[in-house]
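Taking it in order: structure first as structure tokens, then the write-up.
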Protein chains: 2
Amino acid sequence: MKTGAKTGATGAVGAGPDAGERPEAHARTGVRDRVTEALRAALIIGRIQPGRPMTLRGLADELGTSPMPVREAIRGLAAERALDISDNGRIQVPRMTEQRFAEILKARALLEPAAAMLALPNLDRKDAPRRLRALDDQVDASLRDGNVEAYMRHNHAFHFALYEASRSDVFLPLIESVWLRFGPFMRIVYGRVGTAGLVDHHKAAVAAVAAGDAEALGEAIRLDIAEGMALIREALVAGAADFAGPR
Amino acid sequence: MKTGAKTGATGAVGAGPDAGERPEAHARTGVRDRVTEALRAALIIGRIQPGRPMTLRGLADELGTSPMPVREAIRGLAAERALDISDNGRIQVPRMTEQRFAEILKARALLEPAAAMLALPNLDRKDAPRRLRALDDQVDASLRDGNVEAYMRHNHAFHFALYEASRSDVFLPLIESVWLRFGPFMRIVYGRVGTAGLVDHHKAAVAAVAAGDAEALGEAIRLDIAEGMALIREALVAGAADFAGPR
DNA sequence: CCGTCTTAGTTGTGATCACATTGCAGTCAC
DNA sequence: GTGACTGCAATGTGATCACAACTAAGACGG
């Protein structure tokens, strides 16, 4: 592995340790889409630290392409505010501020329950709970193991299994954008305070799906988000995490 | 004007008739940003028809640059779903569907009242109503003149004068993204049914700002959005507009 | 030992090129 | 007249190049 290029390579964008490489899976996708997916995954899992500088050539080397597809991928992610391009053009994962964080959670609390409720009619009352329960089991397993990265990936999978069922090409992009933004930050928080005190409302959500109760589903999601917020608040008063991230 | 290139030039992206060209205004911005702004403005005003194909080289010629900055601008807009890139790579303004439209209004009804309420504490109780009233007067004037394009620009200005006061770099991008998506479609609707039957709740919103009443402000915005929805519904049952747009 | 200036390297940006794919118009057979 | 076919033009994509702005390390003088 010759990622020795000292030129802005993060080493955090490549396929994760247990990402399950499938080289032939979607070989028909262009290079840019592959780059975009790599970056999105890294951001949502929080594998890239906020404030960490990235460079076009560094990422290009790391991903084995020319800077060109990286430029477009970066530009797309920057449009979603998942990456920050400063005035001088330098690229970095945005730092979190207290105000921004509060607003992200507020936006999540508005958008995600709505998406879940929108999804409910499209969910099979028998099959969907089974699938969701399986995903939630993986979340719980990650929590038991204290594996932050696995937790974030599985938590994402659980939530989006729900939201994707809404088949909404309005709500889904909005929600994805928000997750991209708070992923790196959450990773830092979890990395510091651990995932031990984490409580989610996934089981209530699954029960609501099984019951076909839209109101209860929305409330479960709302509580799940509020819970995350409470955890952060706790971590903050404990002084264990600051919003700026490292450096 | 030699836009005679038959190569995908829309002729709708350049500076509008009363855009007030200021060549030296922000000469320090890069070419890409200029292209992005031109496209955003054209989309929000609805100057580009849904389904209309665009090409990199066509836009580049029209804007007097190479295809390169256009590529990045397009990629950014596509990330916000303001433009649609089909499987074969062709670029076009997304067509509207009934489901999508309903969801956009639902998202607006969730996000915009929240942004307005967030903005309230930052608004001067004396100065802000004055500025908002001035903007709303321009909206009313456009409605009297039946000038659809001016209406859309001024309506946008009114709403975003409010939302921008929230200074939220979370809500603002989300809301902008949504406006970019329904702009072209609304333009078609207004172009067909006219702006005569248009009723807004801007005055109630201004009054709420003057009174410092957050709840009333949120409700005014909510009603304003619902009003737009009602108009569309009307236009639809009248059969005057379809969701696909022309061609 | 510290501050200032210089310089070499790195960065993003815009332009241009080569190429595979796709869409389309013109043609030809029937 | 209508169909399939063929060839060309146009499209997005990825790579490469030239360049200006900037960074940071090194040289130099105090």
Side-chain angles (χ1 to χ4, degrees), chain A residues 2-11 13 26-39 48 51-79 81-94 247, chain B residues 2-11 13 26-39 48 51-79 81-94 247:
Chain A
K2 57 163 176 290
T3 55
K6 60 162 179 265
T7 159
T10 66
V13 183
H26 33 51
R28 202 95 303 267
T29 73
V31 182
R32 179 192 50 241
D33 295 333
R34 192 164 52 80
V35 174
T36 304
E37 273 322 301
L39 286 171
I48 312 183
R52 183 114 179 215
M54 316 173 69
T55 66
L56 297 180
R57 292 171 176 85
L59 289 172
D61 289 352
E62 197 167 338
L63 294 165
T65 68
S66 85
M68 180 62 59
V70 181
R71 274 165 72 169
E72 296 191 48
I74 296 268
R75 195 50 59 174
L77 290 171
R81 309 292 178 124
L83 291 179
D84 195 67
I85 302 190
S86 53
D87 301 328
N88 56 19
R90 289 336 221 287
I91 307 152
Q92 61 172 39
V93 179
R247 164 106 350 260
Chain B
K2 55 166 179 291
T3 56
K6 61 163 179 265
T7 159
T10 65
V13 184
H26 34 51
R28 202 93 305 266
T29 73
V31 181
R32 179 193 50 240
D33 296 335
R34 191 164 52 81
V35 174
T36 303
E37 272 321 302
L39 287 171
I48 313 184
R52 184 116 180 213
M54 316 173 69
T55 66
L56 296 180
R57 291 171 177 85
L59 288 172
D61 289 353
E62 197 167 338
L63 295 166
T65 69
S66 85
M68 179 60 61
V70 180
R71 273 166 71 169
E72 296 191 49
I74 295 268
R75 195 53 56 176
L77 268 338
R81 309 290 179 124
L83 291 178
D84 196 69
I85 302 190
S86 53
D87 302 328
N88 55 19
R90 290 332 223 284
I91 307 152
Q92 62 172 36
V93 179
R247 171 92 345 256

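In what follows, every chain begins at residue 1, and chains take the letters A, B, ... in the order their sequences are listed. It should be emphasised that the depicted structure is a prediction, and the values quoted were computed from it without experimental measurement.
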- To the nearest 0.5 Å, tell me how far Arg75(A) CZ sits from Ile85(A) CD1.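 One finds 3.5 Å between CZ of Arg75(A) and CD1 of Ile85(A).
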How many Å lie between [atom1] on [X] and [atom2] on [N], as a whole number?
X        : N       : atom1 : atom2 : answer
Asp61(B) : dT11(D) : CG    : P     : 9 Å
Arg34(B) : dT13(C) : CZ    : C1'   : 14 Å
Leu63(A) : dG14(D) : CG    : P     : 13 Å
Gln92(B) : dG23(C) : CD    : P     : 12 Å
Arg32(B) : dT11(C) : CZ    : C1'   : 13 Å
Ile85(B) : dG12(D) : CD1   : P     : 9 Å
Leu56(B) : dT16(C) : CG    : C1'   : 14 Å
Glu72(B) : dT13(C) : CD    : P     : 6 Å

- Item | dT11(C) OP1/OP2 closer than 4.0 Å to side-chain N/O of Thr55(A) |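 Yes, because at least one side-chain N or O of Thr55(A) sits under 4.0 Å from OP1 or OP2 of dT11(C).
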- Task: Establish, with yes or no, whether the OP1 or OP2 oxygen of dT23(D) is under 4.0 angstrom from a side-chain nitrogen or oxygen of Arg90(A).
- Result: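 Answer is no, no contact under 4.0 Å.
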- Give one of base, sugar-phosphate or nothing for Arg71(B), where a contact means two heavy atoms less than 4.0 Å apart.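 Since a base atom lies under 4.0 Å of Arg71(B), the category is base.
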- Query: How is Ile91(A) classified with respect to the nucleic acid when contacts are heavy atoms under 4.0 Å: base, sugar-phosphate, or nothing?
  - Reply: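 Since only primed, P, OP1 and OP2 atoms lie under 4.0 Å of Ile91(A), the category is sugar-phosphate.
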- 5' priority, DNA chain C, between Gly89(A) and Met68(A) [closest heavy atom]: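 Result of the comparison: Gly89(A).
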- Check whether any side-chain heavy atom of Ile74(A) sits under 4.5 Å from a side-chain heavy atom of Leu59(A), and report yes or no.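 A side-chain contact under 4.5 Å exists here.
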- Message: Working note: Val31(A) + Arg34(A), criterion side chain to side chain contact (heavy atoms under 4.5 Å, CB included); need CA distance, chi angles, decisive distance, verdict.
- Response: CA-CA 5 Å; Val31(A) 182; Arg34(A) 192 164 52 80; 3.7 Å; yes
- Query: Is there a donor on the side chain of Arg57(A) or the base of dG12(C) sitting less than 3.5 Å from an acceptor on the other?
  - Reply: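 Pair found.
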- If you look at every heavy atom in Pro94(B) and Arg81(B), which pair is closest and at what distance?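 Answer, listing the atom of Pro94(B) first, then Arg81(B): CG-O, 3.8 Å.
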- Relative to the 5' end of DNA chain D, which residue comes earlier, Asn88(A) or Pro67(A), by the nucleotide with the nearest heavy atom?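 Checking each residue's closest nucleotide, the 5'-ward one belongs to Pro67(A).
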- Among Leu56(A), Leu77(A), Val70(A), which residue meets the side-chain contact (heavy atoms from CB on, under 4.5 Å) test with Ile91(A)?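 Among Leu56(A), Leu77(A), Val70(A), the one that satisfies the side-chain contact (heavy atoms from CB on, under 4.5 Å) with Ile91(A) is Leu56(A).
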